[in-house]
Structure formats: structure tokens, C-alpha cells
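One structure below.
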Amino acid sequence: MPHHGEDPRTRSDRPWADPARPVEERVAALLDAMTLPELVGQLHQPANVDLERDAALLAAGAIGSTLHASGATAGNVRDGGVSRDRVDDLQRAAIESSRLGIPLLIARDVIHGHRTVAPIPLGQAATFDEQVVHDVAARAALEASADGLTWTFAPMLDVVDDPRWGRVAESFGESPLLTARLGAAAVRGFQASGLVTACAKHYVGYGLSRGGRDYATAEVGEITLRNRHLVPFRAAVDAGVGTVMAAFCDVDGVPMHSHHHLLREVLKGEWGFDGVVVADWNGIGELVEHGVAADLRDAARLAIEAGVDVDMVSGAYAAHLAALVEGGEVDLELVRDAARRVLRLKVRLGLLDPDCASLPGRGDLAGSHGLGLDRALAREAAARSFVVLRNDGMLPLRPRPTDTVLLTGAYTRERASLLGTWVLDGDPEQVSAVAPAVVRALGELAELAELTAGAGDAGGADADGDAVGVVAEPTVRRVLVDDGAFADRTLRLARDADLTVAFVGEHAARSGEDGSTSDVGLPPGQLEVLRGIAALGSRLVVVVLTGRPLALGEVLDLADAVVLAWHPGTEAGEALADVLVRGVPATGRLPMSLPRSVGHLPITHAERPSGRPLPDEARGRGRYIDAPSSAGVPFGAGASALAYGSLTAASGEVTRDGEAVVTLEVTNRSDREVREPVLLFLRDEVAEVTRPVRELVDVQVVTVPAGASVPVTFRVPAHAFGYHGRDHAFRVDPGRVVLTVGWPRADASAVVLDVV
Ligand code: BGC
């Protein structure tokens with residue numbers, strides 16, 4: 001019997017609740033106390049557990065975790081939102097009605113913000129800045145944990161070179177190194193408070209979905225897997241990620257939910273991952289659809305043997321695992337090992353501690369975190385994610401006092417879609433819309449010029465309804481706003497404008513899960529309108545809001561300035577106003593190449609050399625008859641305020657366990673301080689297997705005061721020149737490597753080093 005007044009969670013017969021004991025001891029004690037159905041319960045993850053419907057399961061300890069989601073492709077279908085009260089009720093039921101009182105893991109897809117929303121991950125990747133990604137993730141996790149959530153299904157670490165695949169929006173782009181760096185930063189950020197676990201997904205190969213069709217098969221050999229697609233997952237494991245999600249795809253014929261080699265031998269074996277492998281939504285059930293399991297029972301057996309610990313929604317484990325063990329078809333130790341991993345995670349998250357902040361009545365997280373205060377971070381992240389692809393002296397906008405400015409396009413007044421895919425709890429009403437923000441910023445210019453700016457929807461420019469209005473009419477300047485609903489009206493307004501800013505691009509629902517497209521141009525009709533505006537002779541600035549890299553070749557020819565702004569999140573309008581009008585430098589770079597056409601896909605800066613490479617960069621390697629073969633705009637491109645000096649090496653030699661030190665001087669030619677990424681690329685000239693013609697090998701993000709010159713030093717361990725060879729083992733060869741800084745710019749320079 002417990003002593004009077006003793007907290008029931010720290011009773012001496014519950015050693016697992018004692019935070020003073022080592023994690024593994026607490027986990028072992030709990031495992032030993034559990035029955036087979038309770039062990040299986042820890043592996044069962046239904047969606048949206050309901051207090052009444054699922055009361056008996058909660059009482060039996062038959063549910064280990066739950067996810068809040070609107071359905072199988074929740075990224076583009078909103079639900080009613082998550083609420084702390086509902087989460088608390090669930091936890092109370094799990095703790096108070098069950099024999100062992102183990103709390104649930106409560107999961108949700110908190111991908112690029114929770115209530116305050118930052119740019120989509122692909123936009124964040126354009127900053128090339130680990131700090132930005134870390135801070136955004138840390139902030140999102142704090143907001144999520146205030147709602148009682150303990151598990152986010154992010155970051156997505158699929159390396160991808162085909163923008164037909166809608167999920168590129170959730171990725172960090174085409175570079176394994178960038179994905180690894182930013183992925184690890186996101187993991188550290190999400191897990192910084194210790195209250196939330198991250199999830200590295202989708203392990204592995206999903207970014208190779210054939211033809212860009214979601215869920216489709218991945219054809220890839222193990223050398224490429226190891227040198228490219230596994231790299232970010234290894235980095236996430238090294239950063240301490242708590243969970244990894246299996247991918248929907250099959251890899252070379254073996255569905256990932258049954259991939260014993262990649263899950264058990266590589267992830268849990270070679271890499272020593274001691275966290276949880278979770279299935280993707282019904283991924284275990286889909287082994288039947290893949291045609292490798294006869295039925296759900298068979299699927300449960302294959303998945304647990306392969307190393308999938310938690311069954312998201314298929315119910316296969318709950319229905320069949322105990323019987324499979326009792327029938328001798330599945331080893332009990334596999335189930336105990338999976339449960340051990342879940343319990344270890346719960347202990348690490350403090351869920352079994354008496355004073356756990358994630359549990360009901362244990363602290364006011366919302367109050368202590370100051371929810372929603374960090375719009376400044378979202379605004380900075382958005383502004384830094386914008387990539388200026390062209391600027392013929394147009395930005396920042398400085399309309400002449402007599403100019404009429406037209407803001408046009410579906411995005412002038414849109415809010416919800418600016419949040420991008422996978423935003424479940426961000427409030428569209430909180431989004432700063434584009435036109436009001438830009439009009440306000442133009443008004444500030446007017447004030448600076450001591451002009452009297454009018455404001456508000458004065459209307460009446462064409463007297464034809466809500467969508468058009470004179471929204472600012474200073475004494476010498478007019479700003480018209482048009483939502484682009486009628487192309488003919490847009491052209492009429494553009495005819496009379498001196499400067500047109502067109503906000504075009506994709507709706508968020510055209511990207512994300514199950515958002516594949518067979519065309520990667522602007523959505524139908526938009527290019528036609530841009531052609532029409534350009535033909536009228538108005539100066540034209542095009543801002544592209546998008547979830548994927550688009551083929552923008554003709555747009556770059558038509559416009560005087562082009563800004564690629566992704567889906568920027570809660571602070572979209574203000575961030576755009578900052579860059580378009582207030583002169584905040586846009587220093588984003590392309591984390592994925594922009595293709596010339598859909599026929600050029602897939603495409604990456606890190607192609608491997610063929611036996612017949614072409615010397616002419618513009619025509620690329622392996623020519624098409626009907627078009628240049630290279631990217632429309634390559635990876636790494638984007639406006640820069642910095643002039644680069646030549647790269648120099650501290651020594652021409654580097655030992656295999658040493659580091660290369662290379663330096664260049666950069667000079668800020670602008671009148672503002674800038675924070676910009678500087679990219680270093682590697683070419684390994686001779687190796688046991690073909691190595692990319694160039695691949696990103698390091699990034700330095702530097703802050704340079706206006707007009708100043710500063711040295712930028714890269715310290716690259718020779719380890720970074722290594723690769724997995726013919727036997728799949730990692731090796732660093734002796735021989736020449738070329739390091740290049742500045743590609744694809746005109747002032748790129750290189751050094752050659754000998755690895756000895
Ligand atoms: C997606 C995952 C997501 C899961 C839970 C799946 O459809 O592929 O990325 O985490 O649903 O919502």
C-alpha cells in the first residue's frame with residue numbers, strides 16, 4: 001500500500017515513474033509489468049481517438065498513441081483544429097482508467113509552424129540557414145506543446161529532383177547536404193524543449209516517386225541510396241531524432257513498410273537508432289495493395305519483422321500481433337523491442353514523470369510560452385526565403401510621383417493559400433494579405449516624400465465591384481488593386497498603369513501530398529495574362545507564390561523583375577512589402593533547380609557524369625534535339641549583394657583525417673547590411689563509382705555590413721569528400737578534389753586540393 005499522501009505515480013511498486021532512475025531501468029520495469037495485449041497496445045496508433053467510442057480500449061491500455069488528422073491526405077484537408085482541453089481529456093482517460101496509467105503520445109503534423117506559420121519547408125530551404133530552420137521548428141514545437149501535442153511528423157527529409165511531385169513543398173530540395181544540415185537543425189529545434197519529439201520522414205526513397213506521381217515506386221540502387229537519399233536520415237539520427245517514419249513507396253520492389261534490410265539492418269543496426277519507427281498512414285495495410293502480403297495478418301507479420309514499431313491507423317497490429325506471437329509466427333522479443341522503443345520515448349519526453357508539463361494540470365504552457373508573439377520570426381524567415389530571379393533596377397519599387405501602380409492577381413487578396421500545404425492550425429484570418437501590406441508600404445514612401453496618402457477601399461476606378469478599387473490615392477500617385485478574376489479587366493487596368501506588380505502562382509492545394517502535376521508551368525491562364533500585360537508596355541514585376549519550382553523561362557523574359565516567394569505563411573504580406581518596397585534585401589537561393597520544361601525532369605545540379613559529357617554547360621550533358629539540356633535556372637541561383645574575391649586554400653594538401661581550409665573575401669556592394677549564404681561545391685575527379693559533376697559540400701551564412709569586405713572561411717573535413725563505394729562501405733580516397741565557390745555566378749572561382 002502506498003503511504004498516505006504519496007503521489008500514486010511514484011509509488012514504490014511503480015519504479016518507472018521515478019525520474020531519479022536511469023531511463024533504461026524505468027523502461028525495463030514497465031516492460032516487465034506488461035501483458036502481451038498491453039505491449040501490443042503501445043504499438044497501436046489510431047487517428048482521432050474518441051473518449052466515448054474508445055473508452056474501453058483506453059481502459060485496457062490498448063492504445064499507445066494517437067494522431068489528430070482529417071484523413072489520409074490531411075495536408076490539404078483541414079479539420080476542426082486541435083484543442084488542449086480535448087487532449088487533456090484523452091490523457092486523463094489513458095492515465096486514470098487503465099491498469100498501468102501510461103499516457104499517450106499525441107501526434108499531429110506540425111510541419112512549418114503550428115498557429116504562427118513560417119514559409120513552407122522548401123521556402124525555408126531557400127535561406128540555406130540552419131538558424132532560421134532551427135528557430136522556426138523550436139517555435140512551432142512550443143506552440144504545439146501548449147496544445148498538449150508531444151509528437152510532430154516533421155521534418156520531411158526526402159531528397160527530390162522532380163517538382164512534379166507535390167510534396168517537394170515539404171522538402172528541403174535537391175541537395176543531400178542541405179537537406180541533412182537543415183533537417184538536423186529542424187530536429188534540434190523541434191526537440192529543443194524536450195517536450196516534443198520530431199519524426200524524420202519518409203524513410204526512404206519517397207522523393208524518387210516515379211514520374212513525380214505520389215506514392216509511386218522508387219527505382220534506386222544502394223550506392224545512390226547511401227550517397228544521396230540516406231544522408232539526411234543519418235544526420236537526423238545523429239542529431240537525436242526520436243522517431244522515423246517509413247515511406248509509402250517500394251524501393252526496387254520491396255515496400256518500405258516491409259524493408260528488413262533498410263529498417264532493421266541499416267537504420268536500427270548500422271546506425272544504432274534506438275527510437276521509434278512509425279508506419280505512415282495505413283502503410284502496413286497497404287502492403288496488401290502492394291501485393292507482398294496476402295492479408296492484414298500477413299502484413300502485420302511482415303512489418304513487425306522488418307522493424308516497423310508503431311502501426312499508424314491500419315489496425316493490423318491491434319488485430320493480429322498477439323495471435324501471431326501466441327501462434328509462434330512472430331517472436332515475442334520483436335514485440336517487446338518495439339514496445340521498449342515507444343516506452344523509452346515516453347520516458348525521455350517526461351510523460352511518466354509526476355510533474356510532466358505535457359499532461360493535464362501540470363503547468364500553463366500557453367501562458368509561459370507567450371503564444372503567437374513570434375510573428376517577427378515568421379516575417380524574417382519569409383523575407384529571407386524570397387529568391388530574386390531577375391531585377392532590372394526595379395526593386396525596391398520606387399514609383400515616380402506621377403505613376404499609377406497596379407497590383408493584380410489572385411494573390412492580392414488571398415489569405416488561406418498563402419499559408420501553403422500542411423497547415424492544420426494556422427488561422428487564415430491572421431494572415432497578412434499582400435495588397436494591403438504593399439499598399440501600406442507604398443504609403444510609407446509617400447509619407448517620406450511628404451505626400452498625403454489616402455487609404456482604404458475608395459473604390460470607383462472602374463466602378464465595377466469589390467475586386468477593383470483605388471486603395472491609395474496620394475496627391476500624385478494611385479495604387480489600384482485587382483484580384484485578377486477577369487483577365488480583360490486586368491489588361492484594361494494595366495494599360496493605364498505605369499507599373500504593374502502581378503502576384504501569380506499556385507494555390508496551396510496544387511502542392512503537397514497527392515498534389516502531383518504533369519505540367520510544371522504556371523497554372524492555366526496566368527502566363528497569357530502576363531504576356532498581355534508585357535505587350536502593353538507597362539513595367540512589370542512578377543511575384544510567384546508557389547509550392548514547387550516552376551518552369552518560369554518566359555516569365556523571366558517578359559518581366560523586369562521576378563521574385564520567387566514560395567508560400568510564405570502568416571506574415572506573407574508584410575514580408576513581401578519589406579522586400580518589394582522597404583528595401584529589405586532578398587537573399588534566398590534556389591534549393592532546387594527550376595526546369596525549362598516538364599520534359600527536362602528530373603534535374604539536379606548534382607548529375608553524375610556520363611561517358612560522353614559535353615563541354616558546353618548551357619547544352620548540358622546528353623543533349624536534347626529540341627531544347628538546351630540544362631536547368632532553366634540552376635540550384636543556388638538568386639540575387640546577391642556580395643561580390644566574391646578568389647578562393648584560396650591554406651594548403652594544397654589535406655590528409656584523409658584532416659580538414660581543408662579555404663577562404664575568400666566578399667564585399668557588400670549595397671547600402672544595407674546583408675545576411676547571405678555562400679555555397680561551396682565539390683568535384684571528386686576520380687573515384688571508385690561515378691561522383692556528381694558538382695555537389696554542395698558546405699554553406700556559410702555570413703552577415704556583412706553595408707560597403708564592408710569580410711573574409712569567409714570554410715573548414716571542410718576530408719570526411720566530406722568521402723562516399724559509399726562499390727561495397728557500399730564509406731571511404732575517403734586519396735587524389736584530387738576541386739572546390740568551387742560562387743557557382744553558378746560569373747565570379748565563381750576554384751581551388752584544387754590533393755587528398756593524401
Ligand atoms: C503522410 C505523412 C503524414 C501522415 C499523418 C500521411 O499521409 O504521408 O507525411 O505524417 O499522413 O498525417
Side-chain angles (χ1 to χ4, degrees), residues 44-49 65-82 105-114 120-122 137 140-141 144 149-160 165-172 179 183 186-187 190 196-209 212-218 232-233 236 241-250 255-257 276-287 289-290 308-315 420-425 508-509 511-516 547:
H44 180 47
Q45 181 180 98
N48 307 317
V49 168
S65 55
T66 181
L67 83 156
H68 291 299
S70 60
T73 55
N76 285 324
V77 186
R78 286 173 77 96
D79 56 16
V82 71
L105 290 163
I106 312 271
R108 190 152 172 87
D109 292 279
V110 176
I111 307 294
H112 51 109
H114 181 54
I120 54 170
L122 192 59
L149 303 175
T150 46
W151 190 355
T152 176
F153 295 133
M156 186 177 108
L157 302 180
D158 299 307
V159 175
V160 49
W165 192 50
R167 301 200 80 168
V168 293
E170 302 170 55
S171 83
F172 292 126
T179 305
V187 167
F190 280 128
V196 171
T197 186
C199 182
K201 72 186 188 185
H202 306 84
Y203 186 87
V204 62
Y206 191 23
L208 290 163
S209 284
R213 294 184 296 276
D214 210 353
Y215 318 121
T217 202
F233 288 95
V241 73
T243 72
V244 171
M245 186 185 290
F248 279 133
C249 58
D250 75 299
M256 278 310 306
H257 284 74
V276 171
V277 173
V278 60
D280 202 345
W281 182 284
N282 193 37
I284 297 180
E286 289 175 14
L287 291 174
E289 307 299 330
H290 275 293
V308 180
D309 301 312
V310 169
D311 173 10
M312 186 193 290
V313 311
S314 91
T421 186
W422 277 119
V423 172
L424 307 180
D425 298 283
S511 63
E513 186 172 353
D514 203 17
S516 301

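Remember, it's 1-based here, ligands and their atoms both numbered in the order they're listed. Quick caveat, the model's predicted, so the values are computed rather than measured.
Side-chain atoms of D250 and T217 form a donor-acceptor pair, as typed in the model, at a separation below 3.5 Å. A donor-acceptor contact under 3.5 angstrom links the side chains of W151 and T243, judged on distance only.
Note on ring orientation: taking the six-membered ring where Trp is involved, the planes of Y206 and F248 are perpendicular (angle over 60°, cut-offs 30° and 60°).
Scored by the side chain to side chain contact (heavy atoms under 4.5 Å, CB included) test, P232 finds L157, V159, T179, A180 as partners (sequence neighbours excluded). Taking D425 as the reference, V82, R108, H114, R115 meet the side chain to side chain contact (heavy atoms under 4.5 Å, CB included) condition, with sequence neighbours excluded. Not counting sequence neighbours, the partners of V196 by the side chain to side chain contact (heavy atoms under 4.5 Å, CB included) test are A141, S145, T152.
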Sub-3.5 Å pairs, protein N or O with ligand 1 N or O:
from	atom 1	to	atom 2	distance (Å)
ligand 1	7 (O)	A72	O	2.8
ligand 1	7 (O)	E513	OE1	2.9
ligand 1	7 (O)	E513	OE2	2.9
ligand 1	8 (O)	R167	NH1	2.7
ligand 1	8 (O)	D280	OD1	3.4
ligand 1	8 (O)	D280	OD2	2.6
ligand 1	9 (O)	R167	NH2	2.8
ligand 1	9 (O)	K201	NZ	2.8
ligand 1	9 (O)	H202	NE2	2.7
ligand 1	10 (O)	D109	OD1	2.6
ligand 1	10 (O)	K201	NZ	3.1
ligand 1	11 (O)	D280	OD1	3.4
ligand 1	12 (O)	D109	OD2	2.6

